[in-house]
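Working notes, structure below.
Note: hydrogens, waters and symmetry copies are ignored here, and every other heavy atom, side chains too, is used. Just so it is clear, the model here is predicted, and its values are computed rather than measured.
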Amino acid sequence: MTNGENREAGQLGFVSVWSLAAGGMVGGGIYIALGVVIAVSGQWAWASFVIAGAVATTAAFSYVHLSNEFEEGGGAFEFLREIDHEGLAGSLSWVLVIGYVLTMAVYAFAFGHYLSHAFDLGTWVTRGFAVGIMFALVVLNLQGLGSTKMVEMVTVVENLVALIALGVWGVLAWDPVKLVAGIEPRSPWTAVIGA
């Protein structure tokens, strides 16, 4: 294989990039964050997601502008490097690595907890599921971009289908009273904390 062929095999196309972005936004985090946001902001959870959406849109616009300005697609690391802040870029890289590891740990624990709760199993089973999920994620990442890309695309499609189905069901079963059932009323400002 030539270098050009190797580069082509390692590149991400539009669908892959879209899947990675969508997976980062509506992946496992939505299932974990939703409970936290509702616990914090109660009946104002919808406003929390509107605020967070506005912030995410602003960040996305900024990244598009910076990508066009520097003609680079590497994100914050590349932008800092372009303006001769390589030390800060390196520090940011380590913060991102640590953040991704902690995020994987939270996802693994949360999904392990969901599985053990669904089957009414104990705390050791939760930890076992979490370790198993972490191991599977590490193995998947070590297999390289091709495997990760395919799993990400399949997972994103499954997540989006599930979320659309839940959204349709929620609209069809709409009852404003159910939105606050069992939740203590919160002040409107808690929407900002939830976001």
Atom pairs and distances, side-chain donor-acceptor, residues 51-66, under 3.5 Å, sequence neighbours left out:
{"unit_1": "T57", "atom_1": "OG1", "unit_2": "G53", "atom_2": "O", "d": "2.8"}
{"unit_1": "T58", "atom_1": "OG1", "unit_2": "A54", "atom_2": "O", "d": "2.9"}
{"unit_1": "S62", "atom_1": "OG", "unit_2": "T58", "atom_2": "O", "d": "3.0"}

Sequence neighbours excluded and cut-off under 3.5 Å, please list the side-chain donor-acceptor pairs for residues 89-97, or say none.
{"unit_1": "S91", "atom_1": "OG", "unit_2": "G87", "atom_2": "O", "d": "3.1"}
{"unit_1": "S93", "atom_1": "OG", "unit_2": "A89", "atom_2": "O", "d": "3.0"}

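- Residues passing the side chain to side chain donor-acceptor pair (under 3.5 Å) test with T190: none are found, sequence neighbours excluded.
- Closest approach of E184 to Q43, counting heavy atoms only: O-OE1, 4.1 Å.
- Closest heavy-atom contact between A195 and S48: CB-O, 3.3 Å.
- For the pair R186 (side chain) and A39 (backbone), a donor-acceptor distance under 3.5 Å is present.
- Each of V138, V139, I133 was checked for a side-chain contact (heavy atoms from CB on, under 4.5 Å) with F135, and the lone residue meeting it is V139.
- The list of side-chain hydrogen bond (donor to acceptor under 3.5 Å, both in side chains) pairs with a residue in residues 160-175, not counting sequence neighbours, is empty.
- The hydrophobic cluster around W44 extends to W46, V50, counting ILVMFWY residues whose side-chain heavy atoms fall within less than 4.5 Å of a member.
- Between the CH2 atom in W189 and the OG atom in S41 there is a gap of 10.5 Å [rounded to 0.5 Å].
- V171 belongs to no hydrophobic cluster, as no Ile, Leu, Val, Met, Phe, Trp or Tyr side chain comes under 4.5 Å of its own.
- Side-chain atoms of I38 and I183, non-hydrogen and from C-beta on, do get closer than 4.5 Å to each other.
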